[in-house]
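Throughout, protein chains are lettered first and strands after them, A, B, ... in sequence-line order, and every chain is numbered starting at 1.
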Amino acid sequence: MKQIYFDNAATTPVDKEVLKAMEPYFLVEFGNASSIHNFGQRAEAAILKSKDIIADFLKCQAQEIIFTSGATESNNTVLKSVFVDFKGHLITTLFEHPAILETAKYLSQNGVDVTFIKPEKNGLIDSQKVLKAIKKETRLISIMYVNNEIGTIQPIGKIGKELVEINKKRENPVLFHTDAVQAMYFLPMQIDRLRVDFMSISGHKIYGPKGMGLLYIKDGLKLKPLLHGGHQENGARAGTYNVPGIVGLGKAVELLSKAEHQKELIRIEKLGNYLIEKVMELEGVSLNGDPQNKLPYNSNFLFKNVEGESLLLKLDLAGIACSTGSACASGSLSASHVLLAIGIPHEEAHGSLRISLGKMNDKSDIDYFLEILSKSLTELRSFSPFK
Amino acid sequence: MYSKEVLEHFKNPRNQGQIDNPDVIGQVGNPVCGDVMKIYLKINQNSKDINKSKIEDIKFETLGCAAAIACSSVVTENTKGKTLEAALKINKDLILKKLGGLPLPKVHCSMLALEGLEKAIKEYLAKH
């Protein structure tokens, strides 16, 4: 049976070049980067090289980067460090990834004043609403760069720019963090354009290894470590350096700066637009999020009178892997918090399906998908009491 | 996450569809929760003992997840041809056994299918 992977926003495979770069660091160059001897020095050199590659890509300094186990750790580090005393005010949004949302709720339960900005119906955060929510006690704003479920691109650069002006008049500046996991592969990432103080990145969304991420911390700012222990990362993050992971992440980022990557983005953008055009020709379907301000590679559709998990399984039985924000697939019983946040009613939110494209996909995959999708919708709708 | 029995019923649901001129219909669930089940019954009335009337035909329509569809299928399969009193004795454990178990968050689907059946039968009994 044909196997098609349409869930690249959940995770991507490791690129062959990334794997090749990592391999020696398991078997031959296995030294602990904190050791003084030659094995350790070679491991340390590999880490520094990775940092240089990434710093070059983000247009920041190498010492502004710390490696983490992934974006969940990066996000937790920022929020729990800025609010280590459980005081002050945090601004975030209602449709963040759980790694922010749940951390913000934890802070809120312990005394932090948290404002959750509601996204607009088009899946975008209104920058003015964010800026208006700033109070004297505000310490941090945390907003995702691209929403993981619907692919909408948030105005990070715009908020960052205005915040610089606002901070000029403040005694205590409002810090700015973005969870940029879903943007890294697709969008400009230069720190001087985004004007953020902190940024979280994950390896496994960009054809790098799982369990590997980073946190950008603007020069001059200091965060309390989430993990206490050794003096790695200048005391910012304890734990033996994951050298193969770090080398893999560096390689994955290096590939993003190559000319082939720009060609690949154009290729999958065309595929994504073709997919949207064809799916929208079907009956009882709508696209979530503003088409002009979303990534064309990540599309979330609502299908009328179909339950998302049933549809997901029908597609899976035909070899197509995608995802749904449907409650029934997630183990909880409430519908996707993202779709509810943008004002989709519960009864409609259950019928969602997310297709996220990647390197491995081509037009024949989409044509096969369209054929199976159309059949599955007809069948599932025939099961439904609503016609 | 699903057993092969659940997937089998999901792929080939038994008694799916509508009955023309049914004697009673039971509908449960609501679209807000994501699951709606509609059970149609055609009943061969026993004039001596109404409880011994037989379910001549049963069909379902379900908007819901794979577990909801599979549960609807199993409930109809195990009640067709049975008397009303026998049908009312079918419980969640039997449905779960026939389906080779359900993931914990899905167990409520089996309850919902039984509620639909019970609602239809009780409505029929109240009318006759």
Side-chain angles (χ1 to χ4, degrees), chain A residues 1 7 10 283-285 302-340 343-353 372 375-387, chain B residues 1-19 22 25-40 59-76 99 102-113 116 119-120:
Chain A
M1 188 172 61
D7 203 11
E283 254 180 68
V285 58
L302 285 184
F303 295 98
K304 217 174 165 202
N305 289 338
V306 172
E307 198 281 326
E309 191 225 63
S310 289
L311 185 56
L312 181 99
L313 264 174
K314 280 272 170 218
L315 295 167
D316 190 45
L317 290 167
I320 302 164
C322 41
S323 109
T324 171
S326 157
C328 268
S330 65
S332 80
L333 294 176
S334 69
S336 149
H337 74 283
V338 172
L339 298 183
L340 296 179
I344 310 279
H346 277 88
E347 55 270 35
E348 289 175 30
H350 289 293
S352 70
L353 188 77
I372 303 293
K375 273 189 207 162
S376 305
L377 289 173
T378 306
E379 190 180 0
L380 290 172
R381 282 177 177 153
S382 79
F383 291 177
S384 165
F386 305 103
K387 305 292 177 200
Chain B
M1 80 189 249
Y2 283 130
S3 67
K4 61 179 194 307
E5 291 89 346
V6 172
L7 289 176
E8 215 293 304
H9 277 277
F10 174 63
K11 280 193 270 187
N12 303 302
R14 330 297 196 246
N15 307 306
Q16 196 284 316
Q18 296 177 350
I19 293 177
I25 296 174
Q27 183 167 326
V28 286
N30 72 66
V32 175
C33 308
D35 291 328
V36 180
M37 292 178 190
K38 202 168 173 182
I39 304 265
Y40 297 78
K59 286 211 186 303
F60 80 87
E61 287 181 314
T62 294
L63 166 65
C65 62
I69 291 169
C71 287
S72 310
S73 171
V74 169
V75 165
T76 58
L99 284 174
L102 278 177
L104 202 57
K106 301 287 184 175
V107 171
H108 76 105
C109 293
S110 61
M111 309 288 288
L112 197 63
K119 196 173 170 192

Ignoring hydrogens and angles, tell me if any N or O in the side chain of A:His346 forms a donor-acceptor pair with the backbone of B:Pro31 under 3.5 Å.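 No, the answer is negative, given that no donor and acceptor are paired below the 3.5 Å cut-off.
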Looking at A:Glu309 and B:Ala66, would you say the former's side chain and the latter's main chain have a donor-acceptor pair under 3.5 Å?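 Checked: pair present.
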Which bit of B:Leu104 comes within less than 4.5 Å of chain A, counting heavy atoms only: side chain, backbone, both or neither? neither
What part of B:Pro103 gets closer than 4.5 Å to chain A, counting heavy atoms only: side chain, backbone, both or neither?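 For B:Pro103, there is no contact with chain A at all, as no heavy atom is under 4.5 Å.
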Using heavy-atom distances under 4.5 Å, tell me whether A:Leu313 contacts chain B through its side chain, its backbone, both, or neither.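 Contact with chain B: backbone and side chain both.
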Is it the side chain or the backbone of A:Phe386 that comes within 4.5 Å of chain B heavy atoms, both, or neither?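 Side chain only.
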Closest approach of B:Leu63 and A:Glu307, non-hydrogen atoms and distance?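 Smallest interatomic distance, heavy atoms only, reads CD1-N, 3.8 Å.
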Which atoms form the tightest heavy-atom contact between B:Pro13 and A:Phe383, and what is the distance?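 Closest approach of B:Pro13 to A:Phe383: CG-CZ, 3.3 Å.
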Can you measure from CG (B:Asp35) to NE2 (A:His350) and round to the nearest 0.5 angstrom? 8.0 Å
Can you check side chain to side chain contact (heavy atoms under 4.5 Å, CB included) on B:Gln16 and A:Glu379, steps first, answer last? CA-CA 11 Å; B:Gln16 196 284 316; A:Glu379 190 180 0; over 6 Å; no
Take a 6.0 Å sphere around NZ of B:Lys4 and say whether it holds more than 12 heavy atoms from other residues, nucleotides or ligands. no
